[in-house]
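Chain A is the first sequence line, chain B the second, and so forth, proteins listed ahead of strands; every chain is numbered from 1. Note that these values count all heavy atoms, side chains included, but never hydrogens, waters or copies made by symmetry.
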Amino acid sequence: MAGTDPALGRAMPADSGSIAVRLFPWYTRNGRHHLPWRHTDDDYALWLAEIMLQQTRVETALDYYRRFLEKFPAWKNLASASLDEVLALWSGLGYYARARNAHMASKLVITDWNGLFPDTLESAMLLPGVGRSTAAAVLASAYGQSQAILDANARRVLFRVHGLQGNPRAPAQEKTLWRLAEQETPNPAHDYNQAIQDLGALVCLSRRPKCTVCPLMGICRGSQGTAGKIFPQVSSGPEKQRRPKRYGIFLLVMDGKGKVFLERRPEQGVWGGLWCLPMIYEEAILPTPEDLAERADLIAQRFGAVLGAGEILSFRQHVFSHFILEFAILPAFLPAELQVSDHLSHGRLWALGEARDLGLPSPIRRILEGL
DNA sequence: TAATCGTGGTC
DNA sequence: TGACCAAGATT
C-alpha cells in the first residue's frame with residue numbers, strides 16, 4: 001500500500017489502484033454530479049457528450065449539448081439530418097471536424113452497428129472522431145466496462161501523482177501514461193473516470209493546484225512536502241512558437257433586398273463545411289493597393305457587384321489555434337438587375353434571417369449580427 | 001512526429 | 001495584451 005515510509009518520513013509514490021480508493025469519498029462530496037451526462041446511460045447521449053467535450057470547457061459545451069440533444073435525441077435523428085443542420089447547431093463551438101465526424105459516425109452506427117455504440121474498444125475506434133480515450137469513456141459510462149481514459153485531466157493527475165517529469169502533453173509520455181491509467185482504473189470504471197476528471201478540473205488544476213484540499217495529498221509525489229511550498233507547475237508545453245499572422249479580406253456582398261452572399265467552405269481546412277463571406281484575400285502580408293485593385297476586378301467578374309463606398313473597414317482580429325487572422329470587410333452592392341454568376345454553385349444569397357440559422361464561423365456571425 | 005483544427009475565458 | 005488553457009482526433 002502507498003503511505004508514509006517511516007524511514008524516509010515522506011509520502012511514497014502511489015501504488016497500482018491506490019488513487020480510486022482515495023478519490024471516491026472526495027468525489028461523492030465534491031463531484032460535479034449536476035452535469036447532464038452524469039444522469040443517463042444512453043450510449044448516444046454519452047457519446048455526444050464526449051465528442052462535444054473534446055478540447056472544450058464543460059461550461060461552454062453545456063448549452064450546445066442541451067440544444068443538440070433536443071433536436072437530435074437519438075442516433076437515427078442525427079443520422080437522418082443534413083450536414084447543414086448539424087453544423088448550424090455546432091456553430092460557434094469550434095473544431096468543426098467533430099461535427100462532420102459525428103454526423104458520419106451516427107450514420108455508421110445505424111448502418112453497421114445496429115443502432116448501438118460499438119461495444120469494444122477496437123470497433124468503437126473505427127468511428128470517425130472516436131479515439132481511444134473517447135471510446136473508453138463511452139464504453140465505461142454506457143456499458144459499465146472497465147476502460148481507462150486518458151484525457152487532459154487524467155493525464156495531469158497521473159503525471160503529478162506518479163512524479164513524472166517533463167511535459168504531460170508530450171506524445172513521448174503516451175505509453176507510460178496509458179499504462180498508469182490502466183493500472184489505476186477499477187472495474188467498473190465509470191465513477192472513477194468521472195472522479196479523476198473532476199479532480200483535475202476542480203483541484204489538480206494546471207495552474208495553482210489546490211494541493212491542500214486534495215484527497216491524493218498523501219500519495220502524490222508532486223505534493224511532497226507541500227505545506228506552503230510552491231507546487232511544481234506542470235510545464236505547459238514545448239517551446240512556445242509564436243502564432244503566425246495572416247491577413248484576410250471578407251467580401252460583404254448585399255443586394256437591394258438586404259440579402260447577403262455566403263459560400264460554403266470546403267470540408268477540409270479551417271471552418272470546413274461552414275457558410276462564410278467570400279474570402280477574397282488571405283496572405284501572410286498586408287494587401288497592397290495593387291492587390292485590392294485586382295480583387296475589385298475579381299468581384300466585378302464574379303458577382304457583377306459594385307464596391308460600395310470602396311472602403312475597407314478597419315481590420316479586426318480572430319485568433320485560431322495555430323494562427324491569427326487579421327481581417328477586414330469590404331462592402332459591395334449587388335444591383336437588383338444583376339444576378340450572381342451561375343457558376344458560383346457553392347454560394348448563394350441569403351436573407352439575414354435565414355443566415356442566422358446557418359452554420360457560421362463565429363466572426364462571421366458577429367459581422368452579420370452587426371448589420 | 002508534428003501540424004492541423006475554434007473559441008472564449010483567464011491572468 | 002499576449003500567452004496559456006480546455007473531457008483529443010486525424011493526417
Looking only at atom P, what distance separates C/dA7 and B/dT4, rounded to whole Å?
24 Å
Contact class for A/V130 (heavy atom, under 4.0 Å): base, sugar-phosphate, or nothing?
sugar-phosphate
Looking at C/dA7, does its base get a donor-acceptor pair with the side chain of A/R32 below 3.5 Å?
yes
Does A/W271 put a side-chain nitrogen or oxygen below 4.0 Å from OP1 or OP2 of B/dT7?
yes
Closest approach to the side chain of A/H318, judged atom by atom: which nucleotide of B/dT7, C/dA6, B/dC5 is it?
B/dT7
When the distance from OH of A/Y65 to P of C/dA7 is rounded to whole Å, what number comes out?
17 Å
Tell me which nucleotide among C/dA6, C/dA7, B/dT4 gets nearest to the side chain of A/H322.
B/dT4
Do A/L292 and A/I249 come within less than 4.5 Å of each other through their side chains, counting heavy atoms only?
yes
In terms of side-chain heavy atoms of A/A152, which of B/dT7, B/dG6, C/dA7 is nearest?
C/dA7
Whole-Å distance separating the OH atom of A/Y96 from the P atom of C/dG8:
17 Å
When you compare B/dT1 with C/dA6, how far apart are their C1' atoms, in angstrom units rounded to a whole number?
23 Å
Nucleotide nearest A/F320 when distance is taken to its side chain, options C/dA7, B/dG6, C/dC4
B/dG6
So, A/F68 versus A/W90, ring centres under 6.0 angstrom or not?
yes
Between C/dC5, B/dC5, C/dA9, which nucleotide has the shortest distance from any of its atoms to the side chain of A/S206?
C/dC5
Is there a donor and acceptor pair closer than 3.5 Å between the side chain of A/R98 and the base of B/dC5?
no
Side-chain N or O of A/Y64 closer than 4.0 Å to phosphate OP1/OP2 of B/dT7:
no
Find the distance A/Q55:CD to B/dC5:P and express it as a whole number of Å.
15 Å
With sugar-phosphate meaning primed atoms plus P, OP1 and OP2, does A/R38 contact a base, only sugar-phosphate, or nothing at under 4.0 Å between heavy atoms?
base
Taking for each residue the nucleotide of DNA chain B bearing the nearest heavy atom, is the 5' side occupied by A/F323 or by A/R57?
A/F323
Considering every strand and a 4.0 Å limit on heavy-atom distances, what is the contact class for A/L93: base, sugar-phosphate, or nothing?
base
Can a donor-acceptor pair be found, under 3.5 Å and without considering hydrogens, that links the side chain of A/E326 to the backbone of A/R316?
no
Please give the distance between the C1' atoms of C/dT1 and B/dG8 as a whole number of Å.
15 Å
Please classify the nucleic acid contact of A/L127 as base, sugar-phosphate, or nothing, using heavy-atom distances under 4.0 Å.
sugar-phosphate
Indicate whether OP1 or OP2 belonging to B/dG8 is found under 4.0 Å from a side-chain N or O atom of A/R365.
no
Would you classify A/G200 as touching base, sugar-phosphate or nothing, given that sugar-phosphate means primed atoms plus P, OP1 and OP2, and contacts are heavy atoms under 4.0 Å?
nothing
Classify A/W37 by what it touches in the nucleic acid, base, sugar-phosphate, or nothing, heavy-atom distance under 4.0 Å.
base
Ranking C/dA6, B/dT7, C/dG8 by distance to the side chain of A/S362, first place goes to B/dT7
Measure the distance from CG on A/N101 to C1' on C/dT11 and round it to the nearest whole Å.
12 Å
Taking A/Q147 for the side chain and A/P188 for the main chain, is one N or O donor matched with an acceptor at less than 3.5 Å?
no
Nearest whole angstrom, please: distance from the P of B/dG6 to the CZ of A/R100.
7 Å
Side chain of A/Q54, heavy atoms from C-beta onward: which of C/dA7, B/dT7, C/dG8 has the nearest atom to it?
C/dG8
Taking any heavy-atom pair under 4.0 Å as a contact, classify A/T60: base, sugar-phosphate, or nothing.
nothing
Answer yes or no: does a side-chain N or O of A/R169 lie under 4.0 Å from OP1 or OP2 of C/dG8?
no
Determine, using ring centers only, whether A/Y281 and A/Y247 are less than 6.0 Å apart.
no
Comparing A/L53 with A/M125, nearest DNA chain C nucleotide closer to 5' gives the residue A/L53
For A/E174, which contact category applies under a 4.0 Å heavy-atom criterion: base, sugar-phosphate, or nothing?
nothing
What about the rings of A/Y27 and A/F24, do their centers lie closer together than 6.0 Å?
no
Consider the side chain of A/R207, meaning its heavy atoms from C-beta on, and name the nucleotide among C/dG8, B/dG9, C/dA7 that approaches it most closely.
B/dG9
Distance between C1' atoms of B/dT7 and C/dT11 (Å, rounded)
23 Å
Could you check if a side-chain atom of A/F323 sits within less than 4.5 angstrom of a side-chain atom of A/K245, using non-hydrogen atoms only?
no
